[in-house]
Amino acid sequence: MTVTWRSAGADRASATREIILVTAERLFAEHGVYAVSNRQIGEAAGQGNTAAVGYHFGSKFDLVRTIVRGHTADIDRIRAAMVAETAGSTEVRDWVACIVRPMTEHLDALGRPTWFARFSAQVMTDPALRKIMSEEALTSPSLVEALDGLNGCLPALHPEVRAERGDMVRQLMVHIPAERERALADGTSTPRATWRATATGLIDAIAGIWLAPSTPPAGDVAVEDSAR
């Protein structure tokens, strides 16, 4: 009987944690991480105990980290398979696909509605929270391998241009999925009909950014002109 009671208790605790996680992800995605209190999450999750969120997850940072971890395992599994298939490629677009498609395939597999793309956008635009995403999602072995593959076939670029384009790419990768997810939630039209098609457009744009002609920073041009 003791074993049964403990098992039932563990099941209830697990179910409660899952309800809190889903509710927190939705509220964070829709309103922003700092605009939502643990009390509001608990109430929306149907928890009578106002301290339930803190009891199960500790701080808000711990809660955010747990949400990220809940998604990154599936994303990393998809990416690992893609990276294995892409090994040896010298095509920029192939490696960009390894970086983009795992997220969109994961969102597609979740069905509707989803909140993780908008949640990720909220996290990535906050300096303190971005560190959590970097530690949990941006250091996975498959992503590091995909980035190494991409860097190995990029054209030579001035360091400042490369950094600038990296910032552009990150903005696209964060906000394009979030905007599509928001449109789907609102029932408004989207530029592309499916997540797969959205990924294709995003891959095209990112590959174009990396391969576009580049102009040296203005300071370098001035130096070159004065040297003539």
Side-chain angles (χ1 to χ4, degrees), residues 6 8-79 99-100 102-144 147 166-167 169-186 195:
R6 286 179 178 174
D11 289 345
R12 285 195 297 272
S14 178
T16 298
R17 284 173 58 88
E18 183 62 26
I19 291 170
I20 291 173
L21 282 174
V22 172
T23 303
E25 183 179 328
R26 174 176 61 82
L27 293 177
F28 289 160
E30 293 176 344
H31 305 290
V33 176
Y34 291 112
V36 179
S37 68
N38 284 358
R39 178 187 290 272
Q40 288 172 313
I41 295 169
E43 290 175 351
Q47 302 302 304
N49 182 355
T50 57
V53 176
Y55 173 79
H56 285 283
F57 296 101
S59 70
K60 182 170 287 186
F61 283 84
D62 295 326
L63 177 56
V64 168
R65 188 180 298 275
T66 304
I67 293 171
V68 173
R69 284 180 178 175
H71 290 277
T72 52
D74 285 341
I75 293 171
D76 197 48
R77 175 183 53 78
I78 297 168
R79 181 176 289 113
I99 298 168
V100 171
M103 174 68 158
T104 56
E105 288 191 14
H106 173 65
L107 291 169
D108 195 18
L110 291 175
R112 294 188 191 179
T114 62
W115 298 280
F116 186 59
R118 285 169 289 168
F119 165 83
S120 298
Q122 295 282 359
V123 170
M124 288 299 290
T125 52
D126 180 272
L129 296 174
R130 182 188 295 182
K131 183 178 179 182
I132 295 175
M133 185 70 81
S134 298
E135 291 172 351
E136 296 296 332
L138 304 183
T139 58
S140 71
S142 67
L143 181 56
V144 170
L147 290 171
D167 288 341
V169 167
R170 280 187 290 273
Q171 290 293 322
L172 287 174
M173 289 190 59
V174 168
H175 292 290
I176 293 301
E179 286 304 311
R180 173 177 169 77
E181 186 181 73
R182 182 177 294 108
L184 291 175
D186 293 342
W195 277 113

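All heavy atoms count here, side chains included; hydrogens, waters and symmetry mates do not.
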>> Just so I know, are the side chains of W115 and L27 near enough to count as touching, which here means a heavy-atom distance under 4.5 Å?
In response: no
>> For the CZ atom of R26 and the CD1 atom of I67, what is their distance to the nearest 0.5 Å?
In response: 11.5 Å
> From T125 OG1 over to H175 NE2, what is the distance, rounded to the nearest 0.5 angstrom?
Replying inline: 6.0 Å
>> Once rounded to the nearest 0.5 Å, what's the spacing between atom CD of E18 and atom OG1 of T16?
In response: 10.5 Å
> What are the two closest non-hydrogen atoms of A29 and R118, and how far apart are they?
Replying inline: CB-CB, 3.7 Å
> Given L172 and V169, is the side-chain contact (heavy atoms from CB on, under 4.5 Å) satisfied, shown in steps?
Replying inline: CA-CA 5 Å; L172 287 174; V169 167; 5.7 Å; no
> Is there side-chain contact between Q122 and F28, with at least one heavy-atom pair below 4.5 Å?
Replying inline: no
>> I'd like to know if the side chain of D62 and the backbone of S59 have a donor-acceptor N/O pair within less than 3.5 Å.
In response: yes
>> Show the nearest heavy-atom pair for residues W195 and T104, with the distance to one decimal.
In response: CB-O, 3.8 Å
>> Rounded to the nearest 0.5 Å, what separates atom CE in M103 from atom OG1 in T72?
In response: 10.5 Å
> Can you check side-chain contact (heavy atoms from CB on, under 4.5 Å) on V123 and V64, steps first, answer last?
Replying inline: CA-CA 8 Å; V123 170; V64 168; 4.1 Å; yes
>> Strictly below 4.0 Å, N to O, side chains only: are D167 and R170 in salt-bridge contact?
In response: yes
>> Could you check whether H31 and Q40, counting side-chain N and O atoms only, form a donor-acceptor pair closer than 3.5 Å?
In response: no
>> With heavy-atom distances below 4.5 Å as the criterion, would you say the side chains of V53 and L63 are in contact?
In response: yes
>> Strictly distance-based, threshold 3.5 Å: is any side-chain N or O of E136 a donor or acceptor partner for the main-chain N or O of V68?
In response: no
> Which atoms form the tightest heavy-atom contact between A45 and I19, and what is the distance?
Replying inline: O-CG2, 3.4 Å
>> With side-chain contact (heavy atoms from CB on, under 4.5 Å) as the criterion, how do I75 and F116 come out once you've worked through the C-alpha distance, each side chain's angles and the decisive distance to 0.1 Å?
In response: CA-CA 12 Å; I75 293 171; F116 186 59; 3.9 Å; yes
> When you measure from the side chain of R79 to the backbone N and O of I99, does any donor-acceptor pair fall under 3.5 Å?
Replying inline: yes
> Rounded to the nearest 0.5 Å, how far apart are OG1 of T139 and CG of L147?
Replying inline: 11.0 Å
> R17 side chain to H56 main-chain N or O, any donor-acceptor pair under 3.5 Å?
Replying inline: yes
>> So which atom in A121 and which in A178 form the shortest heavy-atom distance, rounded to 0.1 Å?
In response: CB-CB, 3.9 Å
> Just how far is it from atom NZ of K60 to atom CG of L129, taken to the nearest 0.5 Å?
Replying inline: 9.0 Å
> Under a 4.5 Å cut-off applied to non-hydrogen side-chain atoms, are L21 and F57 in contact?
Replying inline: yes
>> What verdict does the side-chain contact (heavy atoms from CB on, under 4.5 Å) test give for H71 and L110, after you've listed the backbone C-alpha separation in whole Å, the side-chain angles of each residue and the deciding distance to 0.1 Å?
In response: CA-CA 10 Å; H71 290 277; L110 291 175; 3.9 Å; yes
> Any idea which heavy atoms bring D126 and A128 closest together, and the distance?
Replying inline: OD1-N, 3.0 Å
> Closest heavy-atom contact between H106 and I78?
Replying inline: N-CD1, 4.0 Å
